[in-house]
**Q** 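One structure coming up, written as structure tokens, with questions to follow.
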2 protein chains.
Amino acid sequence: MEEKEISQAVVSRLPRYLRYLGELRDEGIERVSSQELSDIMQVTASQIRQDLNTFGGFGQQGYGYNVGYLYDEIGKILGLNREHRLVIVGAGNLGQALVNYTNFERRGFLFRGIFDHDPKVCGKEIHGITVRPMEEMPDFIRENQIDIAVLTIPKTSAVEVAKQLAACGVRGIWNFAHVDLRLPGHIQVENVHLSDSLMKLSYNLSSVEDES
Amino acid sequence: MEEKEISQAVVSRLPRYLRYLGELRDEGIERVSSQELSDIMQVTASQIRQDLNTFGGFGQQGYGYNVGYLYDEIGKILGLNREHRLVIVGAGNLGQALVNYTNFERRGFLFRGIFDHDPKVCGKEIHGITVRPMEEMPDFIRENQIDIAVLTIPKTSAVEVAKQLAACGVRGIWNFAHVDLRLPGHIQVENVHLSDSLMKLSYNLSSVEDES
DNA sequence: TCTGAATTGACAAAAAATTAACATAAGCGT
DNA sequence: ACGCTTATGTTAATTTTTTGTCAATTCAGA
């Protein structure tokens, strides 16, 4: 299917395009040129055209791009036209925060289960979902055809749990634990290393200081 | 001071080096070669050497790198040798989750205040810090010499609050709101767009499907 | 102290990503 | 219908990033 390998750099920019197109659409704007988008988004028009053409010709010469159409197409490319069933593993603060984000649901990311090791939080209800003990996780994932597991547990147990998840047939892991997961190639892992991000900010703070 | 411009690509990799070096150090390992690190971290030895040499010659020919020394040096580069004073703006689930992460404190990121618009949560105590009303934010930031503000509020108010923060003298913003902040160049912004990350995962799930 | 093995730092080459340029196609006004 | 303008898609050039190579330096052992 996929002819050429598509770089993650391009993929990373798609959600941002989607966001701006959504805003334009909500403002009732129907068409947009790469140059106009360029001005708004602060990226070169050339990059926008190049990125979009990686996936196909969505525009029309002399006209530009139809906002609604392009929005939908990018959504499809990102797989937002289908539903994803997720579980949260780790009902701590972060896990709870994610479940409560209603925006994910609107995009088709449906939280179906929450699991935690701690018996004290099991049984508790978060955003309408009952927290279950870890032991029930494997069966739950299989029975509910869970696509994605969100890992919000400490790094000490993350590697072990990730292996379990992979064995249960989860296709993707959204990993907030501060470790690199080494899993079979067909399992997709998307890392969110918050402390890395904060350190990067810290670096950039120091570097502007030095410029003086 | 800064001779050559250092690319963000290199900076992004530093926290990961730091993490692995920390692990080696904790295991009592004193020296490591770029080749050994390469094997562990799954990056080329060449890249490791290149990255490190961007900041100086930390190694020794024929010997390799001293784990503890390199760890400390990378820490300094990332600004972890100094303390940072932060405030959280937005005492929702995510804001609370971040405050409760003790790992940040260990790295010198000290949460000093939490602010929220909602009168119902004001006065509440989170991780030993009292949530204050937004009105008190500007004075608090000035009086406590806050470096970094963590933005965990909805995007509707994020742009406006970010402007305020910039005006109060905050030097960096760790932005979890789903908007791009357009601020004066001396203010560093580090974005954590969670939904972008999830969409990327979604894309990669679809793309492995197509490969078959 | 000398010799061989190991390993960096620097430079060169290759690959990837970004930007620029332009021919081509569509729209728009007359 | 015709020509002018606009703006894409594509190819080429440029820049950046990554990888490969190797001389120079240090360590370790005899």
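By convention in this document, chain letters (A, B, ...) are assigned in the order of the sequence lines, proteins followed by strands, and residues within each chain are numbered from 1.
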**Q** For a quick check of understanding: with a heavy-atom distance under 4.0 Å over all strands, which category does B:Q35 fall into, base, sugar-phosphate or nothing?
**A** nothing

**Q** Could you check whether A:S46 gets within reach of a base, just the sugar-phosphate, or nothing at all, counting any heavy atom under 4.0 Å?
**A** base

**Q** Rounded to the Å, how far apart are A:N66 CG and D:dT6 C1'?
**A** 17 Å

**Q** Side-chain N or O of B:Y65 less than 4.0 angstrom from OP1 or OP2 on C:dG9?
**A**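 B:Y65 to C:dG9 OP1/OP2: side-chain N or O found under 4.0 Å.
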
**Q** Please give, in whole Å, the distance from C:dG9 P to B:D51 CG?
**A**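 For the pair B:D51 CG and C:dG9 P, the rounded distance is 13 Å.
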
**Q** Any donor-acceptor pair under 3.5 Å between the side chain of B:Q61 and the base of D:dT26?
**A** no

**Q** Over how many whole Å does the gap from B:Y63 atom OH to D:dG29 atom P extend?
**A** 14 Å

**Q** Let me know the distance between CG of B:L37 and C1' of C:dT7, rounded to the nearest Å.
**A**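 Spelled out: CG on B:L37 to C1' on C:dT7 is 13 Å.
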
**Q** With a 4.0 Å limit, can you tell me whether A:S7 has a side-chain N or O closer than that to the phosphate oxygens OP1/OP2 of C:dA16?
**A**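 It does not, given that no N or O in the side chain of A:S7 lies less than 4.0 Å from OP1 or OP2 of C:dA16.
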
**Q** For A:Q60 and for A:Q47, find the nucleotide of DNA chain C with the closest heavy atom, then tell me which residue's nucleotide is more 5'.
**A** A:Q47

**Q** According to the interplanar angle, ranging from 0 to 90°, do the rings of B:F109 and B:H84 count as parallel (below 30°), tilted (30 to 60°) or perpendicular (above 60°)?
**A** parallel

**Q** In whole Å, I'd like the distance from the CZ atom of A:F55 to the P atom of D:dT10.
**A**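 Taking atom P of D:dT10 as the reference, CZ of A:F55 is at 15 Å.
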
**Q** Please give me the minimum heavy-atom distance between A:R142 and A:A167, naming the atom from each residue.
**A**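 Nearest heavy atoms, A:R142 then A:A167: NH1-O, 4.2 Å.
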
**Q** Of all the choices, D:dT8, D:dT17, D:dT11, which nucleotide is nearest to the side chain of A:S34 once you look at every atom?
**A** D:dT8

**Q** Would you say the side chain of B:F140 lies within less than 4.5 Å of the side chain of B:I146, judging by non-hydrogen atoms?
**A**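 Side chain of B:I146 against side chain of B:F140, heavy atoms only: contact under 4.5 Å found.
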
**Q** Do any side-chain nitrogens or oxygens of A:N53 fall under 4.0 Å of OP1 or OP2 in D:dT8?
**A**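 For D:dT8, OP1/OP2 do not have a side-chain N/O of A:N53 under 4.0 Å.
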
**Q** Does some side-chain heavy atom of A:W174 sit less than 4.5 Å from a side-chain heavy atom of A:V189?
**A** no

**Q** Which sits closer to the 5' end of DNA chain D, B:R49 or B:Q8, going by the nucleotide each is nearest to?
**A**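 Here B:Q8 is the residue nearer the 5' end.
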
**Q** Taking the side chain from B:S206 and the backbone from B:S202, do they hold a donor-acceptor pair closer than 3.5 Å?
**A**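 Yes, B:S206 side chain to B:S202 backbone: donor-acceptor pair under 3.5 Å.
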
**Q** Take atom CD1 of B:I48 and atom P of D:dT18, then tell me their distance rounded to the nearest Å.
**A** 13 Å

**Q** In this structure, how many angstroms lie between the C1' atom of D:dT17 and the CD1 atom of B:I6, rounded?
**A** 15 Å

**Q** To the nearest Å, how far apart are B:Q50 CD and D:dT17 P?
**A** 11 Å

**Q** Between C:dT18, C:dC11, C:dC28, which one does the side chain of A:R31 approach most closely?
**A** C:dC28

